[in-house]
Every structure is written in structure tokens, then in C-alpha cells.
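Everything below concerns the one structure shown next.
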2 protein chains.
Amino acid sequence: MILSLMEQYQQLDTIFQALADPTRRAVLSRLGQGPASISDLARPFDMALPSFMKHIRFLEGSGLIQTRKAGRVRTCVIDKQRFAAVEAWLADQRALWEGRADRLEQFVTQEQDKAK
Amino acid sequence: MILSLMEQYQQLDTIFQALADPTRRAVLSRLGQGPASISDLARPFDMALPSFMKHIRFLEGSGLIQTRKAGRVRTCVIDKQRFAAVEAWLADQRALWEGRADRLEQFVTQEQDKAK
DNA sequence: CAGACACTTAGCCATTGCGCTAAGTATATT
DNA sequence: AATATACTTAGCGCAATGGCTAAGTGTCTG
């Protein structure tokens with residue numbers, strides 16, 4: 001589902017905070033290559049599983065990933081569309097630098113089209 | 001001064017965390033239109049000055065802005081180059097996604113096989 | 001030179017973030 | 001049926017974040 005511009009902006013706090021942690025960025029990079037289970041994702045990290053799960057829940061709360069449990073295995077998938085909010089904000093900044101405030105919406109639309 | 005790619009990546013934690021706060025993003029947007037003093041920047045916010053200054057110091061620590069004091073006035077300027085680290089990270093993510101299409105299909109096929 | 005102005009420092013407080021361990025639940029596997 | 005697997009829940013501890021007030025410093029301004 002496509003979020004409205006305003007809704008995307010309201011999520012920026014959570015999204016940027018999710019990206020501020022190296023463990024979570026590493027998880028996103030791993031998931032960029034395809035879905036994975038919790039234990040597969042956790043294996044590279046020297047961290048207790050409950051600690052790792054907090055990162056997963058944080059990512060899920062930010063919308064950057066989705067998870068689904070089948071049997072005793074929870075599988076995680078990245079949600080690429082959520083990154084559009086970040087790109088939109090960056091585009092907005094660039095527009096300000098260049099003295100234009102009108103390019104943002106156009107850019108977001110383009111990114112959403114790309115995601116399809 | 002130009003940062004190496006690796007140094008930029010080491011700064012991602014701080015940069016993303018700086019961007020995770022709406023006050024700080026608003027300050028960046030304001031500075032995207034040109035330099036400003038602390039009091040000018042603080043005026044729109046319903047916040048005590050020492051609280052606001054913490055945001056400025058955080059932004060300065062992340063490298064997203066630079067400040068310089070002349071007389072009793074501290075002037076803030078945005079450092080656009082610092083945004084390159086964010087853009088680079090996003091570009092890397094997209095690269096992973098694009099190399100992923102075949103693996104995703106593989107995964108789906110595997111799941112379908114398991115279901116039988 | 002007195003007072004206003006623009007920060008600046010110091011320190012308090014509540015909440016959140018991120019790690020841990022111990023123990024629990026639900027689902028395979030043998 | 002018993003054990004192993006894959007999370008899951010509960011709760012602890014410490015550091016960092018983001019707000020505040022009170023008081024201090026240095027620089028104009030009248």
C-alpha cells in the first residue's frame with residue numbers, strides 16, 4: 001500500500017532511528033539479498049537472541065521490514081517502498097539548496113513507480 | 001575536507017541519529033536556504049535555548065552543519081557534502097535489491113515446493 | 001559604564017535504547 | 001513420549017537522549 005506524503009513524513013523519526021544502528025543496517029543489507037529467518041539473520045552477530053530480536057521488532061515497527069511466522073520459524077522480508085520516505089526527504093533538502101520547494105512530490109511519485 | 005568512503009560509513013550512525021529528530025531535520029531544512037544564527041534558528045521552536053543548543057551541537061558533531069562564532073553571535077551553515085554518506089548507503093541498498101530478483105524467485109519456488 | 005543581548009555552563013529529571021540472563025511456549029524431530 | 005529447535009516473554013542494569021531551570025560569560029548599545 002502506498003503511503004501518503006504526510007504519512008511518510010510522520011514515519012521519518014522511526015525510520016532514521018532504525019537506520020542509526022549498525023546491526024539494523026547490516027540486517028537490512030542481508031535482507032536486500034532476499035528473505036531470511038531470525039536465526040539466520042542473528043548468526044553473524046555476537047549478541048543474545050532476545051537482544052537481536054529487539055532490533056528485528058524495531059525494524060518491523062519502522063516498516064522497513066515485514067515478518068511472518070510459519071511453524072516455529074519467523075521469516076523476515078525487506079519493504080523497499082519504505083525507503084522512499086528517506087529519498088523524498090533527501091530530495092526535499094536538495095530542492096531547498098537549489099531554491100525550489102516544488103520538486104518533492106514529483107520525486108516521490110517517480111520512486112513509487114520504480115518500486116513497482 | 002573530503003572524507004573517504006570508509007570514514008563516511010563510520011559516520012552513518014551519528015548522521016542517521018541526527019536525522020531521526022524532527023527539530024534537527026527542521027533546522028537542516030532552514031539551513032538549506034542559507035546560514036542563520038542560533039537565535040534565528042531557535043525562534044520557531046517552543047523550547048528553552050539550552051535544549052535547542054543540544055540539537056545544534058548534535059548536528060555539528062554529525063558534521064551535517066558547521067558553526068562559527070563572531071562576536072556574541074554563532075552562525076550555522078549546512079554541510080551538503082555530508083549528505084553523500086546517506087545517499088551512498090541508499091545506493092548500496094538499491095544495488096543489493098537489484099541483484100536480488102532471481103534469488104527472490106528461487107525463494108518463492110522453494111517455499112512452494114515445501115508446501116507440497 | 002550600565003544594561004541588554006546572545007549564547008554557555010552546570011546540573012537535574014524522566015524516558016528510551018541496547019545489552020544481558022532466566023525461564024516459558026510452541027513446533028519439529030527421533 | 002522425550003528431546004531439540006526456534007523463538008518469546010519478563011525483567012534487570014546502565015548509558016544516552018531530550019527536555020528543564022538557574023546562573024555565568026562575553027559582547028554590543030545607549
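Just so it is clear: chains get the letters A, B, ... in the order the sequence lines come, proteins before strands, and each one is counted from 1.
Using a 30° and 60° split on the angle between ring planes, B:F83 and A:W89 fall in the parallel class, below 30°.
Note: CE (A:M53) to P (C:dT21) measures 17 Å, nearest angstrom. When rounded to the nearest whole Å, the span between CZ of B:R74 and C1' of C:dT9 equals 13 Å. With rounding to whole Å, B:L41 atom CG is found 17 Å from C:dT8 atom C1'. Rounded to whole Å, the distance from CZ on A:R68 to C1' on C:dT27 is 16 Å. Distance, B:Q17 CD to D:dA16 P: 11 Å, rounded to whole Å. Computed from coordinates, the B:E60 CD to C:dC7 P distance equals 13 Å when rounded to whole Å. Taking atom CE of residue B:M47 and atom P of nucleotide D:dT21, one finds them 12 Å apart after rounding to whole Å. Taking atom CZ of A:F52 as the reference point, atom C1' of C:dC18 lies 14 Å away to the nearest angstrom.
The shortest distance between the side-chain N/O atoms of A:H55 and the OP1/OP2 oxygens of C:dG19 is below 4.0 Å. At the phosphate of D:dT8, OP1 or OP2 sits under 4.0 Å from a side-chain N or O atom of A:K69. Note on A:S51: a side-chain N or O is less than 4.0 Å away from OP1 or OP2 of C:dC20.
What you find for A:S37 and A:V73 is that their closest heavy atoms are CB-CG1, 3.7 Å. The two residues A:F58 and A:T14 have their closest heavy-atom pair at CE2-O, 3.8 Å.
For the pair A:S39 and B:G71, nearest-nucleotide mapping onto DNA chain D gives the more 5' position to A:S39. Nearest-nucleotide assignment on DNA chain D puts the 5′-proximal partner with B:F58, out of B:F58 and B:L49. Of the residues near DNA chain C, B:R57 and A:A70, the one whose nearest nucleotide (by heavy atom distance) lies more toward the 5' end is B:R57.
Checked against D:dC20, D:dC7, C:dA22, the side chain of A:P50 finds its nearest nucleotide in C:dA22.
Between the SG atom in B:C76 and the CG atom in B:L28 there is a gap of 10.5 Å [rounded to 0.5 Å]. Considering CZ of A:F52 and CG of A:L41, their distance stands at 5.0 Å, rounded to 0.5 Å.
Counting atom types as modelled, B:R72 pairs a side-chain N or O with a base atom of C:dC5 as donor and acceptor under 3.5 Å. The base of C:dG17 has none of its N or O atoms less than 3.5 Å from a complementary donor or acceptor on the side chain of A:K54.
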